[in-house]
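Here the structure is laid out as structure tokens; the discussion comes afterwards.
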Amino acid sequence: MLSKQKTTEVIAEMGELFPNAHCELIHENPFELLVAVMLSAQCTDKLVNRVTENLFEKYKKPTDYLEVTLEELMDDIRSIGLYRNKAKNIQATAKIIHEQYNDEVPESMKALVSLPGVGQKTANVVMSVAFDYPAIAVDTHVERVSKRLGICRYKDNVKEVEITLQKKIPQELWSVSHHRMIFFGRYFCTARSPKCPECPFLSFCREGKKQAKARGFDG
DNA sequence: AACTCGGGGCA
DNA sequence: TGCCCAGAGTT
């Protein structure tokens with residue numbers, strides 16, 4: 001297990017690798033962010049970005065989603081997996097935000113999680129990114145990277161990963177860390193074929209040693 | 001804890 | 001082809 005100091009150093013180095021990591025997810029309004037993250041479930045970010053580019057031209061406010069039929073919204077996001085559930089959930093959530101929250105995304109974990117299609121992970125992202133709330137959203141990238149680098153244990157569940165990260169990372173870096181680990185997970189520490197030979201953390205990475213043995217490079 | 005949704009990307 | 005992906009809801 002990595003020490004707190006070593007973990008902080010790793011996060012800092014990820015910041016040098018991806019200086020703009022924290023900017024890319026920040027949308028102009030929290031509602032766009034919420035929709036983007038709802039769409040991203042079980043999809044690659046590349047695919048989501050392709051869809052949202054057109055989607056946010058057409059849909060600006062929560063009520064915009066209520067003025068079209070479910071079929072039309074489904075067509076607008078059809079290239080994404082799970083589009084039927086996502087379209088339903090986005091409409092239902094837009095309706096609640098319009099009717100109960102005066103067209104504003106609620107700034108509370110409890111309220112966010114109660115929205116249809118919004119779970120703990122999505123709520124974490126919205127709170128930390130849109131409202132600057134100190135939280136570390138543990139998605140699959142964050143989980144994989146944390147385990148491989150030894151920040152937490154392989155057997156840890158999502159909650160345990162979150163607790164360990166919050167223990168080992170200074171609070172002012174929580175929100176930033178989320179983004180840096182996502183970028184690192186996307187460009188270096190990918191699920192299937194991580195770029196271990198190019199990785200700055202290879203010297204102490206558990207996964208790197210496995211990969212070196214399996215793929216025949218110097219671990 | 002296990003199952004389902006689901007089109008696209010990648011090996 | 002087969003497996004995986006910025007998860008959430010139901011049983």
Residue pair A/D103, A/F31: steps toward the side-chain contact (heavy atoms from CB on, under 4.5 Å) verdict | CA-CA 9 Å; A/D103 291 319; A/F31 183 66; over 6 Å; no
Work out how far the [atom1] atom of [N] is from that of [M], and round it to whole angstrom.
N      : M     : atom1 : result
C/dA6  : B/dA1 : P     : 23 Å
B/dT4  : C/dC3 : P     : 15 Å
C/dT10 : B/dG7 : C1'   : 23 Å

Does A/Y83 put a side-chain nitrogen or oxygen below 4.0 Å from OP1 or OP2 of B/dG7?
->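 Checking A/Y83 against B/dG7: at least one side-chain N or O falls below 4.0 Å of OP1 or OP2.
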Using a cut-off of strictly less than 4.0 Å, decide whether A/R84 has a side-chain nitrogen or oxygen near OP1 or OP2 of B/dG6.
->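 For A/R84, the contact criterion (side-chain N or O under 4.0 Å from OP1 or OP2 of B/dG6) is met.
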Under the rule of Watson-Crick or G-U wobble with both distances under 3.5 Å, where | means paired to another strand and [ ] a crossing pair, DNA chain B maps to |||||.|||||
Between A/G81 and A/K46, whichever has its closest DNA chain B nucleotide further toward 5' is A/G81
Thinking salt bridges, do A/K58 and A/E72 make one under a 4.0 Å N-O criterion?
->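 A/E72 and A/K58: salt-bridged.
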Nearest-neighbour nucleotide for the [X] side chain, [options] considered:
X      : options             : answer
A/R192 : C/dG7, B/dG6, C/dC4 : C/dC4
A/R50  : C/dG7, C/dA6, B/dG9 : B/dG9
A/A191 : B/dG8, C/dC5, C/dG7 : C/dC5

Between atom [atom1] in [X] and atom [atom2] in [N], what is the gap in whole Å?
X      : N     : atom1 : atom2 : value
A/L82  : C/dA6 : CG    : C1'   : 13 Å
A/M127 : C/dA6 : CE    : P     : 24 Å
A/I90  : C/dG7 : CD1   : P     : 15 Å
A/N85  : B/dC5 : CG    : P     : 9 Å
A/Q42  : C/dC3 : CD    : P     : 16 Å

Just by distance, do the side chain of A/H178 and the backbone of A/W174 share a donor-acceptor pair under 3.5 Å?
-> no
Examine the side chains of A/E107 and A/Y101 and answer whether a donor and an acceptor come within less than 3.5 Å of each other.
-> no
Give one of base, sugar-phosphate or nothing for A/V118, where a contact means two heavy atoms less than 4.0 Å apart.
->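 If one applies the 4.0 Å heavy-atom cut-off, A/V118 turns out to touch the sugar-phosphate alone, with no base involved.
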Checking all strands, does A/T122 fall into the base, sugar-phosphate, or nothing category for heavy-atom contacts under 4.0 angstrom?
->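 Answer is sugar-phosphate: A/T122 comes under 4.0 Å of backbone atoms only.
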Just checking, A/R186 and A/F183: is the charged tip under 6.0 Å from the six-membered ring centre and within 45° of the axis?
-> yes
